[in-house]
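This report refers to the structure that appears directly beneath it.
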Amino acid sequence: MGADRDLAAVLGHLAPSGADTGLVGVDPAVCARALAVDGVAVSVLTDSGSSEVLWCSDGASARLEEQQFTLGQGPGPEVGVRCAPVLVPDMSRVPADRWPMLLPEAAALGIGAVFCFPLHVGSACLGTLTLQRAAPGPPAEATTTGAWLVANALTAVLLEGGPRWDAFASAEGGSDFYRAAVHQASGMISVQAGVPVAQALLRLRAHAFRHGRRVSEVAEDVVARRLSFRDDGDGPAAAAGEGTDGP
């Protein structure tokens, strides 16, 4: 009964929040408890094709979302492409060549199982709902049913639109969303290196992975002009001495 009450509370509060802590007015820990998992994360796809964290549990779920974004691989990116759920009851049994860079990171986070569901309208994927659990094993029927209810409710809220949601979807410059710096940095790198924005994002991700850093941290360095990707043949370099005018 407690799980049912938690799920009812989640479904009743999946709406834009007036608080500064996020766009969904319910604690993700309540959702995780209702679905009998250790953490949940919701990411939406932006107009540029990248993902943006909308709602996330602290700890392993937040780090998993960051790693998937940095590496460009994992259940979330797969769901974004296929628009179909990806259920992994035992991460230790996933073939190494499926997500070669993500699997060691997930193991280090203590993640044993991941269940990822699309937020979709027909064949159009708007985002993902990712559940993670330390203990391996298939999801309970109640977990799967509840996850689809949450995913469908979130999809409905996204389709309602509104100024805050429109800004989120387009990742407008100056917004306070989780990866606003990543989008701004991608535009700056595009100008610095003379490459399309999509390729600039790949360069940003690659630099973060090579240096063992979060992509959001590297993006903040680019935006603060501590790091430049001007293409001099040697890759990005510290921007000491570079002016503050222009990208």
Side-chain angles (χ1 to χ4, degrees), residues 2-17 19-45 50-71 73-80 85-91 99 102-103 105-119 126-140 142-155 157-158 168 176-180 182 214-217:
D4 290 341
R5 285 195 298 270
D6 285 341
L7 183 57
V10 170
L11 294 174
H13 291 85
L14 287 180
S17 169
D20 293 333
T21 55
L23 296 179
V24 178
V26 65
D27 187 345
V30 175
C31 184
R33 186 168 62 240
L35 298 178
V37 294
D38 295 330
V40 302
V42 173
S43 291
V44 295
L45 301 180
S50 61
S51 65
E52 191 86 24
V53 174
L54 170 67
W55 187 50
C56 189
S57 302
D58 292 334
S61 287
R63 291 291 292 132
L64 179 64
E65 290 300 292
E66 182 74 23
Q67 289 297 329
Q68 289 189 105
F69 181 76
T70 299
L71 302 173
Q73 59 182 231
E78 277 196 13
V79 169
V86 172
L87 308 181
V88 186
D90 191 342
M91 290 289 281
W99 305 318
L102 180 74
L103 289 174
E105 301 290 342
L109 291 171
I111 295 174
V114 177
F115 315 117
C116 191
F117 299 83
L119 312 183
L126 307 180
T128 59
L129 167 66
T130 302
L131 319 180
Q132 62 82 18
R133 192 177 62 199
T143 295
T144 302
T145 300
W148 277 119
L149 287 172
V150 172
N152 291 338
L154 280 165
T155 300
V157 171
L158 287 173
F168 186 91
D176 59 355
F177 300 123
Y178 183 68
R179 293 193 182 117
V182 173
R214 298 185 183 188
V215 69
S216 54
E217 293 174 346

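Along the sequence shown, residues are numbered consecutively beginning with 1.
Contact of the P85 side chain with the C116 side chain is not registered, since no non-hydrogen atoms from C-beta on lie closer than 4.5 Å. Proximity of D38 to I111: side-chain heavy atoms (C-beta onward) are nowhere separated by under 4.5 Å. Looking at C31 and W55, their side chains come closer than 4.5 Å, going by heavy atoms from C-beta outward. Two residues are said to be in side-chain contact when any heavy atoms from C-beta on lie closer than 4.5 Å; V114 and L64 meet this criterion. Within the 4.5 Å cutoff, side-chain heavy atoms of F115 are placed close to those of R133.
Within the model, atoms CG of L129 and CG of L35 stand 7.0 Å from one another, a figure rounded to the nearest 0.5 Å. Note that CD of E105 and CD of E66 are 11.0 Å apart. Values are rounded to the nearest 0.5 Å. Note: R63 CZ to Q132 CD = 12.5 Å, rounded to the nearest 0.5 Å.
Put simply, the side chain of S43 never gets that close to the backbone of G127: no donor and acceptor are under 3.5 Å apart. Of the possible donor and acceptor atoms, one in the side chain of Q73 sits under 3.5 Å from a partner among the backbone N and O of L102.
When all heavy atoms of P139 and T144 are compared, the closest pair comes out as CG-OG1, 3.6 Å. Between P118 and A151, the shortest heavy-atom contact is O-CB, 3.9 Å. Across every non-hydrogen atom of A113 and A135, the tightest pair is CB-O, 3.8 Å. Nearest approach of G39 to S57, heavy atoms of both residues: CA-OG, 3.6 Å. P77 and Q68 get closest at one heavy-atom pair: CD-OE1, 3.3 Å.
Applying side-chain contact (heavy atoms from CB on, under 4.5 Å) to F117 and the options T128, V79, V86, L87 leaves one that passes, L87.
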